[in-house]
Amino acid sequence: MELKQLEAFVSIATLRNFSAAANRLNITQPAISLRLNALEQELGTSLFDRSGSKIQLTGTGLELLHYAEQIIDMSYRLKATALGETRSHQKVRIGTTDTIANSWLSELVTEIITELQHVTFEIITDTTRSLRERLLSGEIDVAFLMGPVHEKGIRNLPLKTYESAWVAGEGIKLPKGILTLDQIAPFPIITYARDSATYTTIEELFRMSGLWPVRLNSCSSTEVMIRTLVASNAIGVISTACLVSDRGLKRLRCEVKLPDYEFYAAYHLDSVGRVGMAVAERAQKLCQSF
């Protein structure tokens, strides 16, 4: 019996998908199937019921899962003790929206470097929709995104609720008082990517008000969007999470309130990816005080 076989068993049991489990372990789907088959042959029993459309643990598989998780956890501790934490490195793949990347992510990364010295990280920035798909496919271990991910094997920790705000550069000339959509419509408007919830909301606002089409532009980089707004005669819609310091922007008052978005840390609930839980818990604590 090999540790790799147990890791394959635990990942498949958690994700209920051979392809996603293979991605979690950075191996091919045939390789993870071979590991599971070898484990079942050695144990002399089937761990999964493959007769239906979905992968289900057998009674024996459910009973043995707990022991497999314990063995994997103890093996990690054994290696860490034998080699020393600074020499036993485990990679965590972090997926994040650009909003979080431009808010408190650098502080989180600093904590990982200084306090989780056995962990190395890989950061992937993408939209919430793509991050959800990557998390479920096993490409990332923990995701900071809008809304929870309600799927088997995924745990969600609430982070923080952020407002969306109308903003513009300090030099823009606008009518005094509270702005109406009619007054905003003539200006170029910049917000997040086309498949983001914010872009969809802005488009619907102008369509429902009979003001469409407007010059609605999308940008996947918050930093580029902020620099463009400061230097141009455009109006932007960004998350207040990105307004943590003076970046040459002013928040505009508008008669239309934009929606708030609740962010979560979603991670795989299995011992193979337990480092994802450690990162998620640190993110939850950090963003509340940021």
Side-chain angles (χ1 to χ4, degrees), residues 2-17 19-27 32 35 65-97 100-101 103-126 130-145 148-149 151-159 263-288 290:
E2 299 180 3
L3 185 63
K4 291 181 179 180
Q5 296 170 349
L6 295 177
E7 289 177 338
F9 168 44
V10 170
S11 290
I12 296 169
T14 301
L15 298 174
R16 305 297 173 91
N17 183 287
S19 178
N23 285 334
R24 292 277 287 126
L25 298 177
N26 294 315
I27 59 176
I32 200 170
R35 291 182 185 182
L65 178 61
H66 174 66
Y67 295 110
E69 290 177 328
Q70 286 186 323
I71 292 171
I72 294 171
D73 187 46
M74 290 304 297
S75 72
Y76 287 160
R77 294 187 184 186
L78 178 65
K79 291 178 181 178
T81 301
L83 300 176
E85 276 196 342
T86 58
R87 293 174 58 193
S88 180
H89 296 144
Q90 184 177 2
K91 178 183 285 188
V92 59
R93 297 166 297 179
I94 302 171
T96 179
T97 63
I100 299 302
S103 181
W104 43 261
L105 186 65
S106 61
E107 279 74 12
L108 176 64
V109 170
T110 300
E111 281 197 16
I112 294 174
I113 291 173
T114 57
E115 299 180 25
L116 299 178
Q117 297 181 16
H118 64 291
V119 173
T120 62
F121 58 83
E122 177 183 348
I123 296 177
I124 300 165
T125 304
D126 213 329
S130 295
L131 290 175
R132 184 180 187 278
E133 293 174 355
R134 289 188 177 208
L135 185 69
L136 294 178
S137 69
E139 294 179 41
I140 55 179
D141 303 303
V142 57
F144 306 135
L145 71 176
V149 180
E151 296 289 345
K152 289 183 179 179
I154 303 294
R155 184 182 178 192
N156 299 277
L157 292 182
L159 295 176
F263 282 78
Y264 285 80
Y267 63 91
H268 290 281
L269 188 61
D270 69 318
S271 56
V272 176
R274 189 160 294 179
V275 66
M277 177 176 67
V279 170
E281 289 176 345
R282 286 180 178 274
Q284 185 184 49
K285 182 178 179 180
L286 176 67
C287 75
Q288 295 296 334
F290 187 73

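Along the sequence shown, the residues carry numbers beginning at 1. None of these values were measured; they are calculated from a predicted model.
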Nearest non-hydrogen partners of [X] and [Y], listed with the distance:
X    : Y    : value
A20  : L136 : CB-O, 3.4 Å
T96  : A101 : OG1-N, 3.8 Å
P158 : Q288 : O-NE2, 4.4 Å
I32  : A8   : CG1-CB, 3.6 Å

[atom1]/[X] to [atom2]/[Y] distance, rounded to the nearest 0.5 angstrom?
X    : Y    : atom1 : atom2 : result
T125 : L105 : OG1   : CG    : 7.5 Å
F9   : E69  : CZ    : CD    : 8.5 Å
I94  : E122 : CD1   : CD    : 9.5 Å
N23  : N17  : CG    : CG    : 8.5 Å
Y264 : L145 : OH    : CG    : 10.5 Å
L131 : I140 : CG    : CD1   : 5.0 Å

Sequence neighbours left out, what passes side-chain contact (heavy atoms from CB on, under 4.5 Å) with L286? Give chain and number order. W104, E107, L108, E111
E139: which residues meet the side-chain hydrogen bond (donor to acceptor under 3.5 Å, both in side chains) condition with it, sequence neighbours left out? S137
Return yes if some donor-acceptor pair links the side-chain N/O of S103 with the main-chain N/O of I100 below 3.5 Å, else return no. no
Does D141 use its side chain to pair, donor to acceptor, with the backbone of R93 at less than 3.5 Å? yes
Can you name the one residue among V92, I154, L157 that meets side-chain contact (heavy atoms from CB on, under 4.5 Å) with Y267? L157
Quick one: are [X] and [Y] in side-chain contact, heavy atoms under 4.5 Å?
X    : Y    : answer
N26  : K91  : no
K4   : I27  : no
E151 : R132 : yes

Between H268 and L135, is a side-chain contact (heavy atoms from CB on, under 4.5 Å) present by the stated rule, with each step listed? CA-CA 8 Å; H268 290 281; L135 185 69; 3.7 Å; yes
Could you go through the side-chain contact (heavy atoms from CB on, under 4.5 Å) check for V142 and F121 one step at a time? CA-CA 11 Å; V142 57; F121 58 83; over 6 Å; no
Could you walk me through whether L6 and Y67 pass the side-chain contact (heavy atoms from CB on, under 4.5 Å) test, one step at a time? CA-CA 10 Å; L6 295 177; Y67 295 110; over 6 Å; no
